[in-house]
Amino acid sequence: MHNDNTNLKGVRVRFAPSPTGSLHLGNVRTAIFNWFFARHTGGKFILRIEDTDRERSTPESVSLIMESLKWFGLDWDEGPDVGGNFGPYYQMQRLDKYKKYIDVLIKKNMVYPCFCTTERLAEMRHQMQKQKLPPRYDGKCKNLNKEEIERLTSQGIKHVLRFRVPTTDTTEFKDLVHGKISIENSIMDDFVIVKSNAGPTYNFACVVDDIEMKITHVIRGDDHISNTPKQIAIYKALGINFPEFAHIPLILGPDKAKLSKRHGAASPLEYRDMGYLPHALLNFLTLLGWAPEDNRELMSRDEIVESFSIEKINDRNAVFDSQKLDWMNGVYIRKMPLEELVNIALVELKKAELIKDTKEVDIDKISKIVALIKERLRKFSEIPQLVNYFFDKPVYEEKPVRKFLKKDGVSQMLQELCKVIEEVEPFDIETLEDAVREFIEKKGLKAGQVIHPVRVALTGRAASPPIFDVMQVLGKQTCLKRIADALA
RNA sequence: GUCCCCAUCGUCUAGUGGCCUAGGACUGUAGGUUUUCAAUCUACCAACGGGGGUUCGAUUCCCCCUGGGGAUGCCA
């Protein structure tokens, strides 16, 4: 089938968000790529919660994350709620495992306690930058002897554990999307692996978990490239083979900066609330940094699963283009069965207080209305705005009123037309149109000269679905009344 | 500042030395259809950042510059 030039048997990938708020589209895209890769290869997709940041992690965020993934239909084979053989799936519940690895590193003398204050560290970095040097720990605590360590500890001074990074050579790895990436070890920092509160840091916990959970491919954002050499250093110190890495390009906002909360609604749940279809967003996001062999764009989930491959992930950052998303959402809305759209419309209409109780609603009428606006929709939140005049008195917009209603003779013409409308029986689209057209012809007018004023009188605006359809839904009496009111 | 990554239309992308007078999609523009809008159909606008190499031949390979992004945390 497809050759990803990697071993595709027994693939295990993970999505490992930190629960410090809701997901944003960048995170989601990472989850999507991991999920498609797992499903394409018949491997496992694992959800792991990286909650080592005690201050900012919240259970609410965990729910939000799960809700987001579920909304997209991204299911996980192992995770906090579903369990699995490699749990627990919350890092804060895996402290004993980290301890085990720390002991190994201590035994190997690969770590050392550091008592430096954050102030000193900040000052140190500042100085290094001033001297145009790479900012790295200066090694003040690197060679403390037992007595010094005991003395400082007994004084109650907190310490962290730093990892001794190799000082010579280069660390290299073959990234599945970037190819060879290498970095001089000499510019690498003796980074912290255990915080002063005894908790593990990201770079350490991540490695331990990926080892313990038997992760085969680490697919994550480009912003983690700089962490990878550090993590590889840990793998090497432990004498354990590291997994494949695939760093995927970042999603940029319109300002070309990494996508973040600054760019307005960044959470998928917010997109849901704005009226986007999960599959439209999923399809769109999948195409940010990836394209199938044949460059298709509109693809079903199964089609993507079928053709997804890491090889085809490109390595340039992608700007998020909401216009294209809107287009794609519109395409999928048009493909929806009407009943489904009606149900969504009901919710939107109620939210906008255009209808009161969904139970006492004329479904037949709503269906007709929804059918009329279906191809005019780009997202569900637009529904109320598009149909409000079917429920409430129209809000007359100034410009169309001036242009079509306030013209000489229009008032009289409409009054005469009302007499025609009154006679239309049955009040269906065809009969109505025939009658009105006959009127138009008799008066020697052009269709637009009648239809535009009628539209404005009935809807308050210059654009609407085909007017006879609108009239039919409105009903004879409402039409007559609205025209009369508009002329008053 | 330091390190890393990246560089095709405004945006998402195809393109892996000749098939490229660079293809598709979104947007935009013009037109057809229509009572308007939308949808739809047709056409059009629009790109290989610059400079050196390598080669018979570079969008494709190498180097430099420029530009953009990321990382530089006891956040992940």
Side-chain angles (χ1 to χ4, degrees), chain A residues 16-20 27 50-53 55-57 91 114 116 118 121-122 125-126 128-136 158-162 175 178 181-184 187-189 191-203 205-206 220-229 247 249-250 252 254 256-258 284 287-298 314-328 330 334 372-378 386 400 404 433 436-437 440 446-452 454-456 459 461-468:
Chain A
S18 60
T20 55
N27 297 328
E50 308 217 323
D51 55 353
T52 53
D53 184 341
E55 279 76 47
R56 298 194 300 148
S57 294
Q91 289 189 321
C114 171
C116 295
T118 48
L121 262 16
R125 287 184 193 111
H126 179 70
M128 298 200 138
Q129 195 181 96
K130 244 168 86 175
Q131 293 171 57
K132 305 192 176 189
L133 260 29
R136 51 194 298 269
K158 298 239 180 179
H159 70 270
V160 300
L161 245 38
R162 283 184 187 277
D175 188 277
H178 291 278
I181 293 178
S182 66
I183 181 178
E184 296 289 327
I187 63 113
M188 244 200 278
D189 200 17
F191 58 95
V192 174
I193 66 166
V194 177
K195 307 175 193 178
S196 57
N197 66 9
T201 61
Y202 162 73
N203 276 130
C206 178
R220 67 205 336 179
D222 265 358
D223 48 347
H224 283 289
I225 288 179
S226 56
N227 285 321
T228 309
H247 288 95
L250 300 176
L252 273 24
K256 309 250 175 136
K258 192 169 115 174
F284 176 76
L287 261 19
L288 252 31
W290 178 83
E293 208 86 28
D294 55 6
N295 222 6
R296 252 174 312 162
E297 299 210 309
L298 295 166
N314 69 37
D315 54 10
R316 0 169 2 204
N317 293 167
V319 174
F320 183 85
D321 178 12
S322 56
Q323 276 189 315
K324 188 155 183 176
L325 202 215
D326 283 359
W327 163 76
M328 194 171 271
R334 271 171 255 134
L372 289 181
I373 58 148
K374 189 175 176 186
E375 65 190 23
R376 276 153 253 261
L377 262 188
R378 314 208 92 181
L386 244 27
F404 297 110
E433 179 159 4
V436 174
R437 293 227 183 250
I440 289 168
K446 282 194 219 147
Q449 289 176 290
V450 173
I451 283 169
H452 294 311
V454 170
R455 169 174 293 111
V456 177
T459 70
R461 40 210 195 207
S464 81
I467 198 62
F468 299 114

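Note on naming: letters A, B, ... go to the chains in the order of the sequence lines (proteins, then strands), and numbering restarts at 1 for each one. When reading the values below, keep in mind they use all heavy atoms of this one structure, side chains included, and skip hydrogens, waters and symmetry mates.
Below the 3.5 angstrom threshold, one finds a donor paired with an acceptor across the side chain of A:E297 and the base of B:G24.
With sequence neighbours left out, the side chain to side chain contact (heavy atoms under 4.5 Å, CB included) criterion links A:Q131 to A:Q127, A:L133. Evaluation of the side-chain hydrogen bond (donor to acceptor under 3.5 Å, both in side chains) rule for A:D51 yields no partner, not counting sequence neighbours. Under the side-chain hydrogen bond (donor to acceptor under 3.5 Å, both in side chains) criterion, A:T52 pairs with no residue, sequence neighbours left out. Legend: residues meeting salt bridge (Lys or Arg N to Asp or Glu O under 4.0 Å) with A:D315, ordered by chain and number and at least two apart, are absent. A:S226 pairs by the side chain to side chain contact (heavy atoms under 4.5 Å, CB included) definition with nothing, not counting sequence neighbours. Under the side-chain hydrogen bond (donor to acceptor under 3.5 Å, both in side chains) criterion, A:R437 pairs with A:E433, sequence neighbours left out. For A:D175, the salt bridge (Lys or Arg N to Asp or Glu O under 4.0 Å) test picks out no residue, with sequence neighbours left out. Applying the ring pair (Phe, Tyr, Trp, His ring centres under 6.0 Å) test to A:F468 and every residue at least two apart in sequence or in another chain returns nothing. Legend: residues meeting side-chain hydrogen bond (donor to acceptor under 3.5 Å, both in side chains) with A:H224, ordered by chain and number and at least two apart, are A:Y202, A:N227.
Taking the P atom of each, B:C6 and B:C62 are spaced 11 Å apart, rounded to whole Å. Between B:U59 and B:C48, the two C1' atoms lie 5 Å apart (nearest whole Å). Nucleotides B:A14 and B:G23, compared at atom C1', are 6 Å apart to the nearest Å.
If you measure from atom CD1 of A:I187 to atom P of B:U72, you get 12 Å, rounded to the nearest angstrom.
Of the side-chain N and O atoms in A:T118, none sit less than 4.0 angstrom from OP1 or OP2 of B:G73. For the OP1/OP2 pair of B:A71 and a distance below 4.0 Å, the side-chain nitrogens and oxygens of A:N227 include no atom meeting the criterion. Residue A:H247 places none of its side-chain N or O atoms closer than 4.0 Å to OP1 or OP2 of B:C5. Distances shorter than 4.0 Å separate some side-chain N or O of A:R125 from OP1 or OP2 on B:G73.
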When you compare the protein's N or O atoms with those of nucleotides 44-49 of chain B, which come within less than 3.5 Å of each other, and at what distance?
none

Atom pairs, protein N/O to nucleotides 58-68 of chain B N/O, distance under 3.5 Å:
none

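Pairing for B:C56 is with B:G18, a Watson-Crick or G-U wobble pair whose two hydrogen-bonding atom distances lie under 3.5 Å. Base pairing of B:A30 is made with B:U42, judged by Watson-Crick or G-U wobble geometry with both donor-acceptor distances under 3.5 Å.
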Open item on the list: Within the 4.0 Å limit for protein heavy atoms, which parts of nucleotides 27-40 of chain B are touched? Write it as a string from 5' to 3', B for base, S for sugar-phosphate only, - for none.
Closed with: S-------BBBBSS
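Of the two residues near RNA chain B, A:Q131 and A:K195, the one whose nearest nucleotide lies more 5' is A:Q131.
Under the 3.5 Å distance criterion, with hydrogens and angles disregarded, a donor-acceptor pair is assigned to the side chains of A:D222 and A:H178.
Among the atoms of the strands shown, none is found under 4.0 Å from any heavy atom of A:G330.
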